[in-house]
Amino acid sequence: MEKYNPQKVEAKWQEVWEKTKIYQTDLASDKPKFYNLIMFPYPSGDYLHMGHAYSDMGADVYGRYKALNGFNIFMPIGYDAFGLPAENFAISKGIHPKKSTAENISHAEKQLKTWGCQFDFSREVTTSEPNYYKWTQWLFLQLYKQGLAYQKESPVNWCPKCMTVLANEQVINGLCERCDTEVVQKNMKQWFFKITDYADRLIKDLDKVDWPESSVTKQRNWIGRSEGVEMDMQIADSKEKFSVFTTRIDTVYGMTYVVLAPEHPLVDKITTDKQKKEVEKYKIQAQKQTEIERQSLEKDKTGVFTGSYAINPFNGEKVPIWIADYVLFGYGTGAVMAVPAHDERDYEFAKKYNLPIVQSIAPVVWGLGNAKFREGGKTIVRPQVAVIVKHWAKDEYICLDWEKFGWKSFVIGGIDEGEKSEETAVREMREETGYQNVKSIRKIGGTIVNKYYAAHKGRNTIAPQDAYLIELEDGEQAKTEKEHTKFHKFEWVPKKNVQKYLTLENHIVAWEETEEEHAFTGYGELVNSKEFDGLTSEEAKKKMAEWLEKKKSGKTQVNYRLHDWSIGRQRYWGAPIPIVYCPKCGVVSVPEKDLPVELPEKIKDFRPKGTGKGPLASVKEFVEATCPKCGGKAERETDTMDTFVCSSFYYMRYPSVGNDKEMMEPNVTKKWLPVDMYVGGAEHVTMHLLYARFIAKSLHDARLINFDEPFLKMRHQGMILGPDGKKMSKSKGNVVIPDAVIREHGADTFRTYILFMGRFEDGGPWDPKGIVGIKRFLEKAWGLYDKEIVDNEPSVEETRILNKTIKKVGEDIDALRFNTAISQLMVFVNFLSSQKTQNKKTLEILSIMLAPFAPHMAEELWEKLSGKDSISLEVWPKYDKNLIKDETVTVAVQINGKVREQLIINIEAEENDVLELAKASEKVKKYVEGKEIKKVIYVKGKLLSLVVS
RNA sequence: GCCGCGGUGGCGGAAUUGGUAUACGCGCUAGUCUUAGGAACUAGUUCCUUAACGGGAUUGGGAGUUCGAGUCUCCCCCGCGGCACCA
């Protein structure tokens with residue numbers, strides 16, 4: 001056989017595959033189906049890049065493995081061709097997007113055909129073709145029928161450069177996903193899909209899918225479900241009211257003001273004349289800001305008092321109403337109750353504007369050895385103080401060491417009947433330390449509820465604790481009474497050691513508060529909350545919600561971060577929205593039989609205008625329409641649809657490509673959907689994947705399909721970085737194009753190498769040097785078929801390694817651990833190449849195992865070896881687990897945890913035999929002689945651990 | 001700030017339930033072949049120490065549990081990804 005020439009071999013087999021149509025799936029076959037989907041590429045003008053290759057090749061190896069295991073694989077391919085990037089590319093080149101898109105697609109297809117993937121090119125879709133976007137429009141109509149497509153006037157994201165509206169998902173850190181321009185908010189009438197109706201199911205059904213945990217979490221966070229209550233608030237001396245949304249109704253007694261978003265419609269009505277000027281100024285200022293400025297965290301909180309007050313329904317107290325841009329109009333009710341004591345943002349705001357801070361939740365600390373309350377014990381309440389005493393000259397603090405009890409604390413004491421806690425603090429300090437003169441005293445944080453079971457008194461104790469920081473004036477010290485000091489001694493502890501010194505949790509909490517004051521945002525027990533005092537936050541949430549509901553001034557409410565999907569685009573290159581506006585009948589949908597509403601090819605200028613209307617508005621022939629209802633003159637909608645609408649159902653269309661009557665052929669759809677495995681980038685989790693799930697659910701509810709989760713199993717490929725370890729980009733000059741690698745080394749080498757580099761789900765830097773290792777490996781494998789091939793019984797050793805390899809390679813591919821599968825194949829090939837003659841059966845199996853990674857080469861070797869038809873018609877070999885076991889194993893002997901000897905033993909050897917062998921070993925003797933073996937642990941076939949002393 | 005993931009030789013990376021850390025590949029070193037080689041092949045290669053046998057150290061740092069920890073627990077440091085005033 002001649003030397004391995006990948007270019008020649010690959011050209012040959014690609015031709016054969018094309019001619020025999022071996023990868024055109026027979027969708028009607030009886031074999032079990034396996035829908036192996038990759039995310040279809042977006043041909044925007046650049047080459048398909050490393051990321052495409054990596055993803056597709058990984059998916060293909062997996063698919064080929066499944067095929068060899070008896071599945072009928074369907075791996076379709078298509079092009080996501082509408083949308084901003086394709087259009088922007090065309091604009092930059094000054095050509096019509098239809099033309100540039102066609103060129104890009106033909107280029108991409110050429111590339112794809114060299115990759116050695118089992119793509120079924122016979123069922124290609126191109127989303128910008130009328131025979132496809134007819135179904136995009138059809139989909140719109142289905143949603144419209146269900147009331148899931150609607151128009152509303154609302155603030156939307158507007159990209160000034162792309163001159164179009166964007167969905168929330170397409171705004172990344174306040175920048176346009178495509179051109180990195182700062183997005184501004186505009187009030188516009190727009191088409192939306194009501195994805196929020198499905199928010200709960202989109203969360204709940206994540207339990208049904210086998211997806212990476214991180215992606216499930218990302219979607220969950222993106223949807224952002226939060227449970228709380230909506231509470232009505234009456235405006236003082238007015239009939240007006242509004243509601244606030246809060247997840248922490250338990251903190252309601254700590255409310256000291258409320259905040260409305262500047263856009264809140266009530267603002268104008270309630271602003272007093274005196275405040276009008278300032279409020280107006282603030283509103284204008286807020287409106288001018290871009291999202292980035294508004295969301296900037298460095299920015300100080302700002303706000304303006306409206307002059308009006310609202311009434312807290314729980315205690316009837318009046319609280320001032322402010323407006324501030326830290327409250328978002330688009331979330332909840334656009335109004336919040338502010339509880340500075342228990343919310344960081346409110347705290348910051350209150351500090352800045354000198355608004356009162358009232359504690360209503362006290363943290364609960366189980367003190368004194370964490371002893372929980374005991375049943376039947378008497379429970380008493382004993383308020384106390386903790387006193388942090390600071391030295392008059394040094395940065396040191398008095399700490400007490402209660403030797404008998406093992407506590408270390410600050411000065412501590414009970415508040416006597418009728419005594420103020422501040423007085424207690426001073427009194428206790430004097431009694432216990434003798435120091436007399438207070439320079440300053442300051443309360444630290446809020447009340448902390450300390451609970452413990454006092455064993456010596458046999459009772460449960462609740463001890464609300466106030467903490468004070470006392471700074472001493474000087475060192476004047478009186479003699480202390482013994483009764484106060486008999487259990488502890490005191491010492492001065494430098495500041496940096498205090499934290500470590502303390503053992504009582506409640507004192508540690510108090511100490512932390514001296515450093516930096518902040519809101520306590522955790523759960524605890526209610527204080528200052530009238531009849532709700534003493535409840536836990538959890539209990540209070542329930543009781544308070546019930547209280548509100550009974551009073552009919554509130555209800556429990558679930559809110560989502562997710563917004564409805566804004567789908568209209570004021571751009572040319574997209575599927576027209578199939579709607580006409582009739583002066584008589586109003587908004588009328590185009591009947592299904594009239595689809596597609598074709599995108600006019602002839603247009604003077606397809607560039608966006610930025611007027612809020614798309615370029616289609618300038619095409620008279622397009623705009624002018626007849627009303628499908630009354631036959632009168634009407635006007636077409638001129639917005640086109642977001643590309644993500646096109647890509648939300650393409651996988652449903654593939655099996656029915658060719659059918660012009662139905663989007664989905666019922667039988668084929670029933671058989672082939674949902675998708676069994678979906679491989680693609682993680683960057684689509686909160687866009688495409690979320691939209692596709694929503695669309696599937698809506699069609700399911702319309703009884704058009706019988707599944708409601710489109711992608712049962714999904715995995716992401718990692719990112720291939722440039723050789724410098726940075727993300728590939730033209731500006732950095734570190735882009736490696738897959739075609740160049742394929743031309744030089746061949747697709748088989750490329751596939752195997754890129755999958756060998758690291759974990760598929762991790763990706764990593766492209767190292768051009770390493771590829772020779774794979775080349776050597778494939779050449780070495782190729783060379784085996786040149787050796788003397790005999791048809792005999794393979795050796796025991798060969799059988800063992802063969803069976804091991806079958807097991808590991810199969811299991812690894814199944815789990816997408818391609819790198820370790822390849823490494824095992826290397827071990828196997830290295831073993832075989834050390835042998836003079838090769839066993840025919842072994843080489844047959846090797847070819848099959850190589851086939852997923854190096855399909856062209858495997859075909860060639862298979863043809864030479866067996867003379868049979870394509871290797872992809874073969875069956876993945878079975879292994880015999882009995883043949884994997886080694887007869888002898890090396891057992892490590894550990895002495896006190898260190899490996900001192902290795903023994904070769906029979907795998908069946910028992911502990912005693914191994915121990916005897918070990919004792920006989922010189923090396924072991926050295927460590928054991930004259931000592932006592934205290935413990936022996938034997939892990940069968942692995943190691944013997946001896947503990948000696 | 002919050003959520004998620006990760007940190008292992010010179011490099012990419014292996015390591016079922018805790019059980020011989022560094023598989024496989026690159027690179028490097030020596031050798032073979034060669035007019036030559038940035039080709040191929042063979043052998044070696046975690047680090048320190050030793051002529052060698054051997055000994056010691058080692059999975060970001062520190063503590064802990066265990067006969068035994070890359071793997072489990074706690075604290076800290078660093079990197080990556082996502083979210084980011086969501087009430």
Side-chain angles (χ1 to χ4, degrees), chain A residues 172-174 212-222 224-226 228 244-249 251 258-259 261 294-297 299 301 324-328 330-339 342-346 348-349 521 559-563 682-683 685-686 718-719 725 752-753 756-759 761-762 764-777 779-780 811 817 819-830 833 889-903 923 926 934-948:
Chain A
I172 316 285
N173 294 328
E213 198 46 50
S214 62
S215 302
V216 169
T217 309
K218 255 186 227 171
Q219 281 210 350
R220 227 176 245 135
N221 292 343
W222 183 264
R225 184 193 151 95
S226 71
V244 294
F245 174 73
T246 177
T247 56
R248 291 298 303 273
I249 191 65
T251 66
V258 298
V259 189
R294 179 162 175 166
Q295 293 185 359
S296 161
L297 265 192
K299 202 188 73 171
K301 291 210 170 13
D325 65 5
Y326 80 90
V327 172
L328 307 173
Y331 184 78
T333 58
V336 302
M337 65 175 212
V339 185
H342 304 297
D343 182 280
E344 304 271 8
R345 296 153 299 175
D346 298 344
E348 195 192 316
F349 193 80
T521 57
N559 268 329
Y560 303 93
R561 214 194 68 107
L562 182 74
H563 285 50
E683 67 274 17
V685 167
T686 53
M719 193 188 285
T752 312
Y753 180 58
F756 177 67
M757 290 195 322
R759 275 183 39 186
E761 279 152 288
D762 286 353
W766 173 262
D767 174 7
K769 280 187 296 195
I771 202 163
V772 304
I774 295 296
K775 216 170 162 187
R776 283 177 200 151
F777 159 64
E779 276 168 3
K780 200 187 269 185
E811 287 173 356
R817 290 189 301 251
N819 53 337
T820 50
I822 294 164
S823 108
Q824 180 62 35
L825 285 169
M826 286 172 168
V827 171
F828 186 46
V829 167
N830 288 343
S833 75
V889 283
T890 312
V891 162
V893 182
Q894 281 184 0
I895 295 158
N896 289 345
K898 286 203 186 277
V899 178
R900 297 298 183 185
E901 171 67 303
Q902 316 227 342
L903 300 172
K923 284 182 191 164
K926 214 166 95 186
K934 284 189 149 176
K935 198 167 181 181
V936 179
I937 293 141
Y938 180 59
V939 182
K940 199 170 173 185
K942 288 228 164 108
L943 101 172
L944 180 74
S945 182
L946 304 179
V947 185
V948 292

Distance check: side-chain N/O of [X] vs OP1/OP2 of [N], anything under 4.0 Å?
X	N	value
A/S226	B/A87	yes
A/N819	B/A14	yes
A/N830	B/A23	no

Rounded distance (Å) that lies between atom [atom2] of [N] and atom [atom1] of [X]:
X	N	atom1	atom2	result
A/Y938	B/G18	OH	P	20 Å
A/F756	B/G13	CZ	C1'	8 Å
A/Y753	B/C24	OH	P	17 Å
A/E213	B/G82	CD	P	18 Å
A/I822	B/A23	CD1	P	18 Å
A/D762	B/G13	CG	C1'	10 Å
A/R776	B/C24	CZ	C1'	14 Å
A/L943	B/U20	CG	P	7 Å

Among [options], which nucleotide sits nearest the side chain of [X]?
X	options	result
A/S823	B/G4, B/A87, B/A23	B/A23
A/T820	B/A14, B/A87, B/G25	B/A14
A/Y326	B/C85, B/A87, B/G68	B/C85
A/Y331	B/A87, B/C83, B/C85	B/A87
A/D325	B/A87, B/G4, B/C85	B/C85

Expressed as a whole number of Å, how far does the [atom1] atom of [N] sit from that of [M]?
N	M	atom1	value
B/A14	B/C24	C1'	7 Å
B/C26	B/U34	C1'	24 Å
B/U46	B/G10	C1'	10 Å

Under 4.5 Å between any side-chain heavy atoms of [X] and [Y], yes or no?
X	Y	value
A/Y331	A/Y560	no
A/M757	A/W766	yes
A/V899	A/V893	no

- For A/Q894 and for A/Y560, locate the closest nucleotide of RNA chain B by heavy-atom distance; then report the residue assigned to the nucleotide nearer the 5' terminus. A/Q894
- Mapping A/G224 and A/K935 to their closest nucleotides on RNA chain B, which lands nearer the 5' end? A/K935
Could you please name the partner base of [N], counting Watson-Crick and G-U wobble pairs only when both distances are under 3.5 Å?
N	result
B/U32	B/A40
B/C85	none
B/G79	B/C5
B/C72	B/G64

Main chain of [Y], side chain of [X]: is a donor-acceptor contact present, judged purely on distance under 3.5 Å?
X	Y	value
A/Q894	A/L946	no
A/R248	A/T521	yes
A/D346	A/V339	yes

Answer with base, sugar-phosphate or nothing: what part of the nucleic acid does [X] contact at a heavy-atom distance below 4.0 Å?
X	result
A/S945	base
A/R900	sugar-phosphate
A/K898	sugar-phosphate
A/V939	base

- Message: Ring of A/Y326, cation from A/K301 - is the NZ or CZ under 6.0 Å from the centre and inside 45° of the axis?
- Response: yes
- Query: Do the side chain of A/K218 and the base of B/C3 come within less than 3.5 angstrom through a donor-acceptor pair of N or O atoms?
  - Reply: no
- Note on the structure: Judged by whether its glycosidic angle lies within 90° of 0, B/G6 is anti
